[in-house]
Amino acid sequence: MYRIKALNKISPAGLSVLDQSRFAVSTDVENEDGILVRSADMHEYVFPENLRAIARAGAGTNNIPIDRCSEAGIAVFNTPGANANAVKELVICAMLLASRNVVGGAAWVKDQAAAGADVEKVVEKGKSQFVGPEIQGKTLGVVGLGAIGVQVANIATKLGMTVWGYDPFLSVDAALSLSRMVQRANDLETIYKNCDYITLHLPLNGDTRGMIDASALQMMKSGVRLINLARGGLVHDDDLLQALESGKVACYVTDFPNNKILTGRNVVAIPHLGASTPESEENCAVMAAQQLRDYLENGNIRNSVNLPALEQPWSGIARLCIIHRNIPGAIANITKVLSDDNVNVENMTNKSKKDYAYTVVDINAKIRDDVVDEIRALEGVLRVRLLSH
Ligand SMILES: NC(=O)C1=CN([C@@H]2O[C@H](COP(=O)(O)OP(=O)(O)OC[C@H]3O[C@@H](n4cnc5c(N)ncnc54)[C@H](O)[C@@H]3O)[C@@H](O)[C@H]2O)C=CC1
Ligand SMILES: O=C(O)C(=O)COP(=O)(O)O
């Protein structure tokens, strides 16, 4: 029985992937084998000895200490694209909110009623203060052309916008999905200087933290509308507050508000609702649970952010799953231990990703615990699991 801890509310459709006869899922299980998580901050999380995998039902993994997981031999998964449509739809909404002052206008109407005014009469007089431009004919800059950015860029062309996209690591899949109407920018400067609307769709990491700072803002068009449904940390709050105050930024729509940025003028704050649709919550939960199940039961890896993809059909009675450093001699050392003990390898696959590698070895005989321990003790080996079929 595998013990799975859910650190956030996970859609029941995902939990049903984990058959109750083989998986015990709860919020308070101890020494869990696997974790299902959404945005809970795991940076201070103490890993129990048994923990083998963390599945993030969503895209961003900046809430998970990836390096610490890799060193502990814990696989981290996410669900690429599973919530992209939900975010795309909210970005369209955000562009309109950034333009038409619906938020300010709606609050004003309620205030009028609360103050005893005849709302039907006052709206026609008062509405002129909420005038805002149309998005058709304007220029949109999309920073990050991944699962979400591509969808946003494509639909914006259909709304009559001129669209620039920037992504220095554009994947082949993303390039193939991108509309030909989207112009590729070779640098951020092109986006900043040309766009009336800028929307961020890239991960928060050491390279991107605080990228929207005074120098970036200074390059932007006066009156630019900025949309951030990616992560709050991409923006330098103090610099943005100044740009909002001066009017350089006409509106900032963010899915990641904090107390400081809320003090700014023309900030529209959404409580991290990008992926909060039943469809997206279900997609992400099902995908995360399937990946977690396949890893725990079969050692297969799909959509891991720290380990290589590897899927091997079973061809023996037992399977060794070895996470190790990507160093010369690692595979030879493993096969030597096995051959010294007369263990015949039925099938073996090795894949690497940056500093880490993963080797799956199928064998057709029982293997002694001390042989498994010998592999565990090899240089660079971080985790060994023995699965049986
Ligand atoms: N508000 C919400 O609820 C949600 C927010 N997100 C956020 O949106 C981000 C993007 O999500 P997806 O599109 O699904 O991820 P993705 O991984 O498919 O796309 C991210 C893209 O950013 C690009 N990129 C990386 N560094 C870059 C840089 N320095 N400059 C420009 N592009 C860069 C990558 O090459 C990739 O194409 C996530 O990392 C997450 O932080 C994602 C889903 C929901
Ligand atoms: O997938 C992401 O990166 C998100 O930000 C969605 O977060 P959530 O699962 O809604 O807490």
Side-chain angles (χ1 to χ4, degrees), residues 6-11 14 35-42 54-64 66 76-94 141-154 164-178 182 184-192 198-213 216 227-235 253-257 268-288 303-305:
L7 292 186
N8 290 104
K9 201 161 166 279
I10 304 292
S11 160
I35 288 178
L36 281 166
V37 65
R38 286 178 63 174
S39 291
D41 184 354
M42 294 192 66
I54 298 171
R56 197 293 191 222
T61 50
N62 57 298
N63 56 321
I64 301 170
I66 306 291
V76 182
F77 300 89
N78 71 349
T79 61
N83 56 22
N85 187 66
V87 181
K88 172 198 79 182
E89 290 188 6
L90 199 62
V91 172
I92 299 165
C93 172
V142 181
V143 182
L145 292 168
I148 299 168
V150 165
Q151 289 201 29
V152 168
N154 289 354
W164 285 93
Y166 170 74
D167 191 328
F169 318 108
L170 187 73
S171 72
V172 174
D173 278 353
L176 289 171
S177 318
L178 196 62
V182 176
R184 288 281 310 282
N186 290 325
D187 48 45
L188 280 169
E189 205 176 320
T190 306
I191 299 275
Y192 294 157
I198 295 174
T199 184
L200 306 175
H201 298 294
L202 69 175
L204 175 64
N205 56 39
D207 294 332
T208 61
R209 184 175 291 280
M211 62 183 274
I212 306 296
D213 60 6
I227 288 137
N228 181 5
L229 273 69
R231 285 295 179 265
L234 296 169
V235 167
V253 184
T254 178
D255 211 11
F256 301 90
V268 176
I270 305 170
H272 194 184
L273 292 181
S276 292
T277 66
E279 296 88 345
S280 144
E281 290 183 345
E282 193 171 312
N283 285 345
C284 292
V286 168
M287 202 165 156
N303 296 322
S304 170
V305 296

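Start at 1 and go down the list; that is how both ligands and their atoms are numbered. The first residue of the sequence shown is numbered 1, and numbering continues consecutively from there.
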Counting both backbone and side chain atoms, is some N or O of [X] under 3.5 Å from an N or O of ligand 1?
X      : result
Asn83  : no
Asn205 : no
Ala147 : yes
Asp167 : yes
Leu204 : no
Ala59  : no
Val143 : no

Taking heavy atoms and a distance under 4.0 Å, where does [X] meet ligand 1: side chain, backbone, both or neither?
X      : result
Asp255 : side chain
Met211 : neither
Arg231 : side chain

For this session: For side chain to side chain donor-acceptor pair (under 3.5 Å), just list the numbers for Thr208 and Asn205, CA-CA rounded to whole Å, side-chain angles, deciding distance to a tenth of an Å, and then say yes or no.
Result: CA-CA 5 Å; Thr208 61; Asn205 56 39; 3.3 Å; yes

So do the side chains of [X] and [Y] get within less than 4.5 Å of each other, counting heavy atoms only?
X      : Y      : answer
His201 : Thr199 : yes
Asn228 : Val253 : no
Ile54  : Met42  : yes
Arg38  : Ser276 : yes
Thr79  : Asn303 : no

If you count the atoms of ligand 1 from 1 in the order shown, which ones are under 4.0 Å from a heavy atom of [X]?
X      : answer
His272 : 1 (N), 2 (C), 3 (O)
Leu145 : 37 (O)
Val87  : 4 (C), 43 (C), 44 (C)

Exercise. Stepwise, does the side chain to side chain donor-acceptor pair (under 3.5 Å) test hold for Asn283 with Glu279?
Worked result: CA-CA 6 Å; Asn283 285 345; Glu279 296 88 345; over 6 Å; no

Exercise. Do the charged groups of Glu281 and Lys9 touch, with an N to O distance under 4.0 Å?
Worked result: no

Would [X] count as a contact of ligand 1 if the rule is a heavy atom under 4.0 Å away?
X      : value
Pro168 : yes
Ala230 : yes
Asp207 : no

For this session: Starting from the C-alpha separation in whole Å, work towards a yes-or-no answer on side chain to side chain contact (heavy atoms under 4.5 Å, CB included) for Ile64 and Val37.
Result: CA-CA 9 Å; Ile64 301 170; Val37 65; 4.1 Å; yes

For this session: Ignoring hydrogens, just give me the one of Gly146, Ala275, Gly233 whose non-hydrogen atom is nearest atom 19 (O) of ligand 1.
Result: Gly146

Problem set entry | Pairs flagged by salt bridge (Lys or Arg N to Asp or Glu O under 4.0 Å) wherever residues 201-213 is involved - sequence neighbours left out | none

For this session: Give a yes or no on whether atom 35 (O) of ligand 1 lies under 4.0 Å from any heavy atom of the protein.
Result: yes

Exercise. Is at least one protein non-hydrogen atom found at under 4.0 angstrom from atom 17 (O) of ligand 1?
Worked result: no

Exercise. Going from CD1 on Ile212 to CG on Leu200, what distance comes out if it is rounded to the nearest 0.5 angstrom?
Worked result: 5.0 Å

For this session: Check ring-ring contact (aromatic ring centres under 6.0 Å, His included) between Phe256 and all other residues, then give those that pass, not counting sequence neighbours.
Result: His272

Seminar exercise, completed: atom 22 (O) of ligand 1 has as its nearest protein heavy atom Pro203 CD, 3.5 Å

Exercise. In this structure, are over 12 heavy atoms from other groups packed under 6.0 Å from Asp187 atom CG?
Worked result: yes

Seminar exercise, completed: Residue shell for ligand 2, any heavy atom closer than 4.0 Å, reads Arg38, Ser39, Arg56, Ala57, Gly58, Ala59, Gly60, Asn83, Arg231, His272, Ala275

List, one per line, each side-chain donor-acceptor pair under 3.5 Å for residues 164-171, sequence neighbours excluded.
unit_1 : atom_1 : unit_2 : atom_2 : d
Asp167 : OD1    : Phe169 : N      : 2.9
Asp167 : OD1    : Leu170 : N      : 3.3
Asp167 : OD2    : Leu145 : N      : 2.8
Ser171 : OG     : Ala174 : N      : 3.0

Problem set entry | Verdict with supporting geometry, Cys284 and Arg56, side chain to side chain contact (heavy atoms under 4.5 Å, CB included) | CA-CA 8 Å; Cys284 292; Arg56 197 293 191 222; over 6 Å; no

